[in-house]
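Take a look at the structure set out below.
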Amino acid sequence: MTVKDTIDVCGVLVHAQNGKEQEVKSVLNAIDGVEVHHTTENSRLIVTIELDGRRQIMDTMSSFNDLPNVVSTVLTYQHSEEV
């Protein structure tokens, strides 16, 4: 059993195409380590990514821009801490 020695998490604001929020939410929630917490009235999704390591988190976040109906992504919070 591997013990994780850090906690790596980031918050991301994902802007979806108007009317496509549910589709984007479904795709994002299906990605390992990704959770959509809220969808705003102006097509923004509040998302967290929690994975092993900053590099994996950044690769995952970057992949959001390649998803259908995603307009843009913005990193809003990042935290890494030894446990």
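For the numbers below, each heavy atom of this structure counts, side chains included, while hydrogens, waters and symmetry mates do not. Since the structure is predicted, the reported quantities are computational estimates derived from the model, not experimental observations.
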Should [X] and [Y] count as side-chain neighbours, where that means a heavy-atom distance under 4.5 Å?
{"X": "F64", "Y": "I49", "value": "yes"}
{"X": "L45", "Y": "L28", "value": "yes"}
{"X": "H38", "Y": "R44", "value": "no"}
{"X": "I46", "Y": "V36", "value": "no"}
{"X": "T48", "Y": "V12", "value": "no"}

[atom1] of [X] to [atom2] of [Y]: how many Å apart, nearest 0.5 Å?
{"X": "C10", "Y": "L51", "atom1": "SG", "atom2": "CG", "answer": "8.5 Å"}
{"X": "M61", "Y": "I31", "atom1": "CE", "atom2": "CD1", "answer": "12.5 Å"}
{"X": "T39", "Y": "H37", "atom1": "OG1", "atom2": "NE2", "answer": "11.0 Å"}

Is it possible for you to say whether [X] and [Y] belong to one hydrophobic cluster, with membership spreading through side-chain heavy-atom contacts below 4.5 Å?
{"X": "V47", "Y": "L13", "value": "no"}
{"X": "V70", "Y": "M58", "value": "yes"}
{"X": "V24", "Y": "L75", "value": "yes"}

Residues forming a side chain to side chain donor-acceptor pair (under 3.5 Å) with [X], sequence neighbours excluded:
{"X": "T76", "result": "none"}
{"X": "T40", "result": "N42"}
{"X": "H79", "result": "E81"}

task = Kindly state each residue pair satisfying side-chain hydrogen bond (donor to acceptor under 3.5 Å, both in side chains) with at least one member in residues 57-71, sequence neighbours excluded.
result = N65-T73
note = On a heavy-atom basis, the closest approach of G53 and D8 is N-OD2, 3.2 Å
query = Under a single-linkage rule joining Ile, Leu, Val, Met, Phe, Trp and Tyr whose side-chain heavy atoms are separated by less than 4.5 Å, which residues share a cluster with V9?
reply = Y77
task = Tell me, please, which residues at least two apart from N18 pass side chain to side chain contact (heavy atoms under 4.5 Å, CB included).
result = E21, S43
